[in-house]
Structure formats: C-alpha cells, structure tokens
Amino acid sequence: MTVLLQTAGEIARAVRAGEVKAAAVLDEALARQETVGAKVNAFTEVTTDRARGEAAAVDEAVAAGRDPGPLAGVPFAVKNLVDIAGVSTLAGSRINADDAPKAADAPLIARLNAAGGVLLGALNMGEYAYDFTGENSHYQPSRNPWDTDHMTGGSSGGSGAAVASGLVPLALGSDTNGSIRVPSAFCGLFGLKPTYGRLTRAGSFLFVAALDHLGPFARSPVDLALAYDVMQGPDPADPVCAQKPAEAISGELAKGADGLRIAVADGYFEQNAVPAALEAVAKAAKALGVDRRVTIPEAARARAAAYVITTAEAGNLHLKRLRERPLDYDGAVNERLMAGALAPANWVFQAQRFRSWYRDRVREVFKDVDVILTPATPIPAPRIGQKTMMLDGNEVPVRAHIGIYTQPISFIGLPVAVAPVHGLGPLPFGVQVIAPAWREDLALRVAAELERSGVASAPVAPL
C-alpha cells in the first residue's frame, strides 16, 4: 500500500498521468479500511458502491484524454453531519438515525466530486458536534492513531482519525469552537478552518449557525489548498456564503513566509498549558525568524461569550428533540443543551454585543501584523474517558480545557491553519496560524513554510 499513503496532490498527479488507476487507489483504501479502520473507529458508513462508480468515471476520463480535475482519484470522506445522497445524516446522534436518507449531496461534496475526488463515506463525530473529545456514546469513540487509548479530539474526531491513520488523504470536518483545529492538533495533521462564510454549509446539520464553519483535514498544506480551492464559491443556499467570490490560493503557497509580519500571541495564550504546547509555538517562531509578540485583548472574555452563544443557540435548536426524546441523547450533551435552552436572553444579547467590540479590537491588532501564532491546544490528547487532569498543580476538567485557545478565534470567524509538531512527546501538538478575515492564503503560506523548515509534518501514524 504505497499510493494511498501519499498526499492527495501526489495521488491526483499519478492518476492524471496514467501511472495508476483511480480504481487501484480505491482498492487500497478499501483494503486499509478492513485492516486499520476498526482500530480507530473513524467511519460510520463506507460508501463502497458509490466510490467504485466515481473511481471508474475518473479512469474513463483519463483514458479518453479528459482532465478529471485536480483531485483525480483522491479518496475523501466527510464528517457525518454533511449530507450524502442515499445516507441518513447522523450528526453523531441516535435520534437522526431515524431520518430518511438524503436525496442529494451537500454542495461541498458535489464540488469535491467535480474535481475528481472519490467519496469513501461518512465519518464518526461527537453527538450533534457538541464535543471537544471525539467520544461518542452511541457509535463509540474515535481513537487517536498515535495511541488508540487516547482521544482524537472533537467533534470532528473521525475526520482526524481517518487522515492520520492513512484511511484517506483528505477529509471534511466542521469547526464551531475548535472542532477542526483540536483533532488536527491531537492527531498530528494540517487542518484549515476558513473564514466564517467562506465555504458553504448548505446540506449540513448545523450546530451553532452563528459560529459554524466547514473545512478540510490533510497531511500537507498543499492538499488543504487544493481542497479549499475546489470547494470555494458563493452559494445562495447558505446566507453567509452568498457574496464572496472564489479566490484560488494553491499557487500562493510557494511564496512561504517572505515579507510577512508574524508575531506570537502572549498573555492569555501562554497560560494554562503544558510546557510542550508552548515549545511547539517557540519552535515554529524560531524557524520563521519571529521574535515579535502581540496581545490579543480580552481573549478570556471572548471564550466566555463564545460559550454563551454556543449553548444558547444549540439549546434552542434542539428544544423540540429535548422535550420529545431526552433519553436518546448522551447524558452530558443533554445537560449542556438543556442549560443552553434555559439561558436568559440578556446573556446572549450581551455576548453578541461583546463579540462586535472584540472583533474590532482584533482588527486593530492585525493592522500591525499579518499572522499570529498560538498553541492549538494547551495539552496533548488525553486518554479516552479521562475527565480531569493536573495542570500547574491544579485539577482542571479535561473537556472544558481543551478549547481555551481555539474558541476566542472562531468566535469572530478568522481563518486558521493548524501546523502539526511532532517529537515533543509521545503525542503531537499543533500550532494555530491565524490570519485576518478572508486571508486563508497567509495562514497556509506560513503553514507551508513550517513544513519546508521541518518543524511541521503530518506522517501517517504507524498502526
């Protein structure tokens, strides 16, 4: 199994050149799913027949001299909150399993297919995306390929597990408060949370419409850019994605970090972390020649306000289900949603008002810098089922602590790439590369430079 474990870009180049057939790549993916899939519990459904048809169509195009697209023959999979034609969209829940299969694919799946991608199936996730761990009581937890006793992070845990274990080179996840960035960090992958409104969310089961993003996982920044480029484009079906034109960035990554003003976030983003999380950022800064520091003001309040908006919006979205089928929820998810449904309206109003103020303050910071580096998570992946941990002599709750560095950023919809750093312990860490709104190109240029420097890498876990 050699072709499948290459990057998406390398697979597509080989398929387009006729060096390997898309059907052969798919056979490798299906065989690896048989041997590795059960170890990481990444998939909830494998769409074998559909994938064979899509791979055959790619091979027919190559044989006829047509270009099947920049993702020719690349297997990919999607978090199971994204609609797949003929499949019920579980969103990690028991309740949604009763829903009828979807009649059509979500637009992002259609765009990946149109670029030659081959859909392998739907991926495990935390229930209704209200999760930082990758654990699911209905479908069992996703498992970290670097140590299967440890969490993948969530809620896009299956996406992280699938790519890090080499089941697919490309996966789609969602990020509300950190659900792309946390699994990317815990599983040692490159991940991209685009600007809020950049990629359409139509055809997905939303968690918090005011904060939700969709985005890719991969083992290289180039693959992230390839996937991002083909998924871009306005979509009237998603009101926040109706206007912004596509801006291809794949050709920009070769520029690296030259000329960019890069800084490391201090203060809040240096606190409540294990030393290795901060060392990962220090290594990245050194490789980039960065010695500048900046303060993102009121990040702690931003995290608190993100919690208020998250729990209130999600609780009200689920109110009918909570009344009719409360026992079909995971107990902890039920409690969080119930608390949100009872949150006073004035709390949400104040959180939204603070959000506007905070967005303006962070824009001021970006007048002086182009990119900001922070840890992606304060800790490496905890053990599955672990509820608390000791940090700086204090016992802290694991789940609530995981997203302390991601929530203040997605709260205002900024684009972030995660660059994975290995070698600081038995499990990987991640560095957030944060850019101003609509400047995914800057975040991915820096991530690509970190890969070239050798600081960041995303090898397949040796399962």
Could you give the distance from CZ (Arg32) to OG1 (Thr35), rounded to the nearest 0.5 Å?
6.0 Å
Kindly say whether Gly117 contributes a backbone atom to a donor-acceptor pair with the side chain of Asn113 at under 3.5 angstrom?
yes
Is Ser410 close to His213 at the side-chain level, that is, under 4.5 Å between some pair of heavy atoms?
yes
Taking C-beta and beyond as the side chain, do Lys102 and Ile84 meet within less than 4.5 Å on heavy atoms?
no
Pi-cation contact, Phe411 with Arg355 (under 6.0 Å, within 45°)
yes
Under 3.5 Å, side chain of Asp235 to main-chain N/O of Thr200, donor-acceptor pair present?
no
Are a donor atom and an acceptor atom from the side chains of Ser88 and Asp99 found within less than 3.5 Å of each other?
no
Taking Thr148 for its side chain and Pro145 for its backbone only, find out whether a donor-acceptor pair lies under 3.5 Å.
no
Taking only Lys NZ, Arg NE, NH1 and NH2, and the carboxylate oxygens of Asp or Glu, determine whether Arg50 and Glu54 approach each other closer than 4.0 Å.
yes
If only atom types and distance count, is the side chain of Arg219 paired as donor or acceptor with the main-chain N or O of Val163 below 3.5 Å?
yes
Output for pair (Asn41 CG, Asn124 CG), nearest 0.5 Å, gives 5.0 Å
Donor-acceptor contact present, side-chain Asp328 to main-chain Ile95, <3.5 Å:
no
Tyr405 (side chain) donor-acceptor with Val431 (main chain) under 3.5 angstrom
no
Are the charged groups of Asp27 and Arg52 less than 4.0 angstrom apart, N to O?
yes
Would the number of heavy atoms belonging to other residues, nucleotides or ligands and lying under 6.0 Å from CD of Glu19 be above 12?
yes
Quick one, Met151 and Phe132 - any side-chain contact, counting heavy atoms below 4.5 Å?
no
Using the rule given for side chain to side chain donor-acceptor pair (under 3.5 Å), can you reason through Ser155 versus Lys79, listing the C-alpha separation, both sets of side-chain angles and the distance that settles it, and then say yes or no?
CA-CA 9 Å; Ser155 60; Lys79 188 174 181 175; 2.7 Å; yes
Note: Ala218 and Leu189 closest approach over all heavy atoms is O-CB, 3.8 Å
Heavy-atom check, side chain of Asp212 versus side chain of Ser174, under 4.5 Å
no
Lys/Arg N to Asp/Glu carboxylate O, Glu440 vs Arg198, below 4.0 Å:
yes
Between the side chains of Thr195 and Lys244, is a donor N or O closer than 3.5 angstrom to an acceptor N or O?
no
Nearest-0.5 Å distance that lies between atom OG1 in Thr176 and atom NZ in Lys193
10.0 Å
Less than 4.0 Å between a side-chain N and a carboxylate O, is that true for Asp98 and Arg325?
yes
Please tell me whether Asn144 and Thr152 have a donor and an acceptor in their side chains that are separated by less than 3.5 angstrom.
no
Should Lys21 and Asp59 count as an ion pair when the cut-off is N to O under 4.0 Å?
no
Let me see the working for Leu427 and Asp147 under side-chain contact (heavy atoms from CB on, under 4.5 Å), right down to the final yes or no.
CA-CA 8 Å; Leu427 294 168; Asp147 186 332; 4.0 Å; yes
So, do Leu192 and Pro194 sit near enough that their side-chain heavy atoms are less than 4.5 Å apart?
yes
Indicate yes or no: at least one non-hydrogen side-chain atom of Phe366 is less than 4.5 angstrom from one of Arg439.
no
Presence of salt bridge, Arg13 and Glu10, under 4.0 angstrom
no
Can you tell me if Asn136 uses its side chain to pair, donor with acceptor, with the backbone of Gly126 under 3.5 Å?
no
Go through the steps for Val82 and Leu108 under the test side-chain contact (heavy atoms from CB on, under 4.5 Å), then give the verdict.
CA-CA 9 Å; Val82 180; Leu108 292 190; 5.6 Å; no
Are Asn316 and Glu313 linked by a side-chain donor-acceptor pair shorter than 3.5 Å?
no
Any idea how Tyr128 and Tyr329 line up, ring-wise: parallel (<30°), tilted (30 to 60°), or perpendicular (>60°)?
tilted
Are Asp131 and Val333 close enough, and set up right, to give a side-chain contact (heavy atoms from CB on, under 4.5 Å), and what steps lead you there?
CA-CA 8 Å; Asp131 167 61; Val333 175; over 6 Å; no
Does Pro420 reach the side chain of Phe429, with side-chain heavy atoms less than 4.5 Å apart?
no
Begin from the C-alpha positions of Val308 and Gln352 and carry the test side-chain contact (heavy atoms from CB on, under 4.5 Å) through to its verdict.
CA-CA 9 Å; Val308 170; Gln352 291 287 15; over 6 Å; no
Can you tell me how far the OG atom of Ser453 sits from the NZ atom of Lys283, to the nearest 0.5 Å?
9.0 Å
Does a donor on one side chain sit under 3.5 Å from an acceptor on the other, for Asn177 and Thr310?
yes
With distance as the sole test, does Thr89 use its side chain to make a donor-acceptor pair with the main-chain N or O of Asn80 at under 3.5 Å?
no
Would the Tyr130 and Phe207 ring centres measure less than 6.0 Å apart?
yes
Between Glu324 and Lys320, is the closest basic N to carboxylate O distance under 4.0 Å?
yes
Using atom types as modelled and distance alone, determine if a side-chain donor or acceptor of Arg111 lies under 3.5 Å from a backbone N or O of Gly233.
yes
Working to the nearest 0.5 angstrom, can you tell me the gap between Leu90 CG and Glu127 CD?
11.0 Å
How long is the straight-line distance from CD of Gln6 back to OG of Ser220, given to the nearest 0.5 Å?
11.5 Å
For Thr133 and Glu135, indicate whether the former's side chain and the latter's backbone hold a donor-acceptor pair under 3.5 Å.
yes
Tell me, do Gln432 and Thr406 make a side-chain contact under 4.5 Å, heavy atoms counted?
yes
